[in-house]
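What follows is a set of notes on a single structure, which appears directly below.
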Amino acid sequence: MQSTGADIIKVVTTARSITDVIHVFQVLGRSQAPTIALAMGQQGLISRLLTPKFGGFLTFGSMASGRESAPGQPTIEELQDIYRLPRVGRETEVFGIIGQLVGYSKSPLIHNRFFQEIGYDGLYVPFLVHNFKVFFGAFHPLNFTGFSISIPYKEVALECCDEVESFAKAIGAVNTVVRRRSDGKFIGYNTDCEAAVGAIEDGLGGVNDGVSPLFNKLVVVIGAGGAAKAIAFGAKQRGAHPLIANRHYDRAQKLAEAVGGTAITLDQLYELQPSPGSVLANTTPIGMFPNENETPMPKSVLKHYSLVFDVVYTPKVTRLLTEAEELGLCVVSGFEMFIRQAIEQFSLFVAKPVPKQQLREVMLNVM
Ligand code: NAP
């Protein structure tokens with residue numbers, strides 16, 4: 001096409017997998033004439049968003065949602081307001097969220113606003129990935145700087161990192177991967193743990209003289225998945241006694257064994273009369289939108305706890321928390337954890353301290 005003497009070349013294909021987009025970037029990299037190259041479809045979205053990074057001549061945006069002229073086209077509003085494409089250039093560092101349901105994630109909105117807030121030349125995009133290892137291997141040469149890791153890749157991401165921070169290793173899951181600027185190695189972190197446990201500690205009045213308010217307390221964790229692991233390990237590290245209750249008892253046992261806690265069944269949980277000052281942490285999705293009427297614990301047994309934490313953050317106040325509040329208990333929302341883990345992750349992304357209060361206000365404004 002170039003040899004015909006065309007003023008502008010346009011190559012459009014359809015991505016069946018996100019790794020197909022690499023070919024589009026290669027076309028842009030090799031072309032010596034102004035070139036429009038992109039891949040249609042959901043899997044091709046990043047070819048449209050990263051056009052200025054790879055020197056593409058232009059990218060297309062629809063006038064409104066539902067008025068796309070090709071599959072996978074974002075709106076002009078999204079390109080300008082969320083991804084701030086006019087500011088993106090070849091030097092812009094690329095970050096993003098890797099997952100299977102990233103289309104609904106608020107993370108691009110949040111992290112791109114954070115970049116804007118601190119004046120950092122970064123762009124954060126959704127990576128819709130169906131095979132983590134294949135994606136990670138294929139995109140390695142592109143030198144993208146950092147990734148948020150969402151369900152179901154927190155364990156496999158740990159295996160793919162060059163180094164994993166010790167606490168994330170103990171938990172067995174990473175939710176943040178950052179390329180170290182000095183040697184290009186990928187380092188894995190877990191910001192969920194500190195975010196949740198720090199929020200619970202603050203709910204209990206904060207750390208006093210270096211002693212955590214969780215010290216010697218019983219922390220009852222409902223669930224045994226990724227969030228449960230982070231909270232159980234964090235609680236144990238603060239000197240608390242984790243008690244794990246899960247639908248599949250074998251998973252509760254496995255986690256209890258790994259963390260040095262105790263496992264119980266859900267039936268035992270409903271009968272439990274914990275010692276005064278105990279903490280209850282729901283780490284299951286029960287009560288999450290659109291099932292807001294559900295709760296993981298009957299109200300009648302909540303009264304035994306002094307603080308109730310819910311990992312769910314949509315809605316910000318779940319039925320579990322509403323009922324705990326009605327009983328006069330202290331409550332901590334998963335939204336507080338969400339804010340803290342995002343800010344901590346952003347600080348790792350940009351490899352420097354960030355204005356936490358300012359970023360917290362940004363999050364409160366956009367969510
Ligand atoms: P996960 O690894 O899939 O674990 C989910 C856990 O919930 C499992 O133990 C599962 O039990 C249990 N569970 C699921 N549905 C259940 C039901 N209907 N009844 C009883 N138990 C049920 O998920 P995850 O990564 O831990 O995430 C859990 C929740 O935390 C999600 O809603 C996620 O959005 C939220 N989250 C919030 C934040 C935040 O910042 N606030 C951060 C991370 C995660 P089985 O083992 O028996 O299947």
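Counting starts at 1 for both ligands and their atoms, following the listed order.
The nearest heavy-atom contact from the protein to atom 4 (O) of ligand 1 is G225 CA, 3.4 Å. Protein heavy atom at the shortest distance from atom 16 (C) of ligand 1 is R247 NH1, 3.4 Å. Of all protein heavy atoms, the one closest to atom 2 (O) of ligand 1 is G226 N, 3.0 Å.
Residue I286 holds the heavy atom nearest to atom 19 (N) of ligand 1 of all those in D192, I286, T191, L266. Summarising the contacts of atom 32 (O) of ligand 1 with K229, M288, E336, E294, the nearest heavy atom is found in M288.
Under a 4.0 Å criterion applied to the non-hydrogen atoms of R251, ligand 1 contributes the atoms 8 (C), 45 (P), 46 (O), 48 (O). For ligand 1 and P285, the ligand atoms under 4.0 Å from any heavy atom of the residue are 7 (O), 13 (N), 14 (C), 15 (N), 32 (O). For ligand 1, the atoms sitting less than 4.0 Å from at least one non-hydrogen atom of T283 are 28 (C), 29 (C), numbered in the order shown with element in parentheses. Annotation for ligand 1: atoms under 4.0 Å from non-hydrogen atoms of A224 are 9 (O). Against a heavy-atom cut-off of under 4.0 Å, G223 is close to the following atoms of ligand 1: 9 (O).
Looking only at atom types and distance, the side chain of Q73 has a donor-acceptor partner in the side chain of S69 under 3.5 Å away.
Between F335 and F338, the ring-plane angle classifies as parallel under the 30° and 60° cut-offs. Note: F25 and F54 have parallel aromatic rings, judged against thresholds of 30 and 60 degrees for the angle between ring planes.
Counting non-hydrogen atoms of other residues, nucleotides and ligands closer than 6.0 Å to CZ of R87 gives a total of 12 or fewer.
Judged by distance alone, the side chain of K356 and the main-chain N or O of I343 form no donor-acceptor pair under 3.5 Å.
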- Could you walk me through whether F147 and F95 pass ring pair (Phe, Tyr, Trp, His ring centres under 6.0 Å), step by step? CA-CA 6 Å; F147 303 101; F95 301 80; 8.5 Å; no
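On a distance-only criterion, N246 and ligand 1 share at least one N/O pair closer than 3.5 Å.
Contacts between H248 and ligand 1, counted as non-hydrogen atom pairs separated by less than 4.0 Å, involve both the backbone and the side chain.
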